[in-house]
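Computed from a predicted structure; not experimentally measured.
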Amino acid sequence: MAEMSTAIEPRAHARSRLGKLTPLLNPIVLRLARFIPVYVVLEHRGRRSGRIYRSPLAGVRTANGFVIPIAFGEGSHWVRNVIQAGGGKLEWRGRRFEIAEPEVISWDEGKGALTALERRLAPVFGVSRFVRVKAEPAPRSPA
């Protein structure tokens, strides 16, 4: 009888470790995100609580919006919140954007927005789908 392997697949292991570190890393990454062009800070409203969340995520600017890799699956709260709300706000490189028309797209549709290095690294973190959003600069609030 064949013996079942209990070893964790390397990709799943990397995702598992990253998932455990996320609560510790998020506050740090939120502060640094404006200086690191790979990161966007997605502001989204909780579906049930109505609370505003700020999630630091990898993101790529495109001609009319952003492509955001889904590292922990489509069941991630930020994905579900943005899809249900039909948009939200996003900060990238210190600039704020209103985002709309979120849609989950396949690897083949989204990989074109990534650099060669990002295309190689994304599968390590379990990225096989993306959220694509349209973005407009947010109106400046009066100071």
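For the side chain to side chain donor-acceptor pair (under 3.5 Å) condition, the pairs that include at least one residue of residues 114-123, sequence neighbours left out, are T115-E118. Identified under the salt bridge (Lys or Arg N to Asp or Glu O under 4.0 Å) test for residues 57-69, with sequence neighbours left out: none.
Cluster annotation: V82 is connected to V104 through the hydrophobic network of ILVMFWY side chains, with a link wherever side-chain heavy atoms come within less than 4.5 Å.
Residue N64 holds its CG atom at 9.0 Å from CD of E101, rounded to the nearest 0.5 Å. With values rounded to the nearest 0.5 angstrom, E74 atom CD is found 7.5 Å from S128 atom OG.
For Y39, there are no ring-ring contact (aromatic ring centres under 6.0 Å, His included) partners two or more places apart in sequence or in a different chain. Residues satisfying the ring-ring contact (aromatic ring centres under 6.0 Å, His included) test with F130, not counting sequence neighbours, are W107. Scanning for side chain to side chain donor-acceptor pair (under 3.5 Å) contacts around S106 gives E109, with sequence neighbours left out.
Side-chain atoms of I70 and V127, non-hydrogen and from C-beta on, never get closer than 4.5 Å to each other. At least one side-chain heavy atom of W92 sits less than 4.5 Å from a side-chain heavy atom of F97. Residues L42 and I99 form a side-chain contact, since some pair of their non-hydrogen atoms from C-beta on lies under 4.5 Å apart. Between F72 and V79, the closest side-chain pair of non-hydrogen atoms is not below 4.5 Å.
Shown are R45, H44, R51, E43; of these, the side-chain contact (heavy atoms from CB on, under 4.5 Å) with N81 is made only by H44.
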Could you give the side-chain donor-acceptor pairs of residues 84-91 under 3.5 Å, partners two or more places apart or in another chain?
none

Practice task
Take F66 and V60 through the side-chain contact (heavy atoms from CB on, under 4.5 Å) test and state the conclusion after the steps.
Solution key: CA-CA 5 Å; F66 291 86; V60 179; over 6 Å; no
